[in-house]
**Q** 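Below is the structure I would like to discuss, written out as structure tokens.
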Amino acid sequence: MDVPTTLVVVAAVLAAALFAVAAAVLVRLVRARRGLRLAGLPTGPRWVFWGAVLYFVLPADVLPDPVYLDDIGVLLLALRSVRRAPDHLSEHVPD
């Protein structure tokens with residue numbers, strides 16, 4: 001094989017692997033959406049969670065991409081708000 005053909009084959013294999021990973025992540029996100037809805041979480045924490053996921057995926061960041069501290073911080077704050085949501089639910093449930 002010559003060099004251009006090899007590069008095309010390698011690029012195609014990498015694109016197929018990237019597509020497989022993206023499909024797996026999409027399936028997990030759909031399951032997470034369903035799980036959040038079925039858990040009975042209020043709308044606020046769900047929006048915070050999905051906003052954090054969008055912030056993680058979108059290319060616009062507060063800090064440059066080689067430093068993922070802002071992305072990790074936003075995701076951790078979103079998970080914290082989702083985790084605290086059941087505490088708020090139990091306050092509103094009559095005994």
Side-chain angles (χ1 to χ4, degrees):
M1 268 200 220
D2 57 346
V3 174
T5 305
T6 305
L7 289 176
V8 169
V9 169
V10 168
V13 169
L14 287 175
L18 183 62
F19 179 75
V21 169
V25 168
L26 181 63
V27 167
R28 286 184 174 214
L29 285 175
V30 169
R31 287 182 183 164
R33 179 183 176 270
R34 187 177 305 139
L36 289 174
R37 191 170 26 105
L38 292 176
L41 288 176
T43 306
R46 285 189 294 182
W47 280 103
V48 169
F49 175 77
W50 291 115
V53 169
L54 281 176
Y55 182 79
F56 186 74
V57 173
L58 292 176
D61 280 336
V62 174
L63 296 175
D65 264 342
V67 180
Y68 289 109
L69 293 178
D70 60 333
D71 295 330
I72 293 170
V74 169
L75 286 174
L76 287 175
L77 288 174
L79 290 174
R80 183 178 176 194
S81 72
V82 169
R83 185 174 181 197
R84 288 188 175 192
D87 296 337
H88 298 298
L89 283 176
S90 62
E91 294 173 1
H92 300 291
V93 175
D95 290 332

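This structure is a prediction, so every number in the text was calculated from the model and none was measured. In what follows, residues are counted from 1 in the order of the sequence shown.
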**Q** Taking all non-hydrogen atoms of both residues into account, name the closest pair between L75 and V53 and its distance.
**A** CD2-N, 4.2 Å
**Q** Run the numbers on R31 and V27 for side-chain contact (heavy atoms from CB on, under 4.5 Å), then give the verdict.
**A** CA-CA 6 Å; R31 287 182 183 164; V27 167; 3.9 Å; yes
**Q** Please report the closest heavy-atom contact between S81 and P45, naming both atoms and the distance.
**A**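 Where S81 meets P45 most closely, the heavy atoms are O-CB, 4.0 Å.
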**Q** Checking side chain to side chain contact (heavy atoms under 4.5 Å, CB included) against T5, which of V8, D2, L7 comes through?
**A** D2
**Q** Provide the closest heavy-atom pair for F49 versus A78 in the form atom of the first, atom of the second, distance.
**A**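 So the two residues come closest at CA-CB, 3.9 Å.
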**Q** Can you get from W50 to L79 by hopping between Ile, Leu, Val, Met, Phe, Trp and Tyr side chains that sit under 4.5 Å apart?
**A**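 Cluster IDs for W50 and L79 match.
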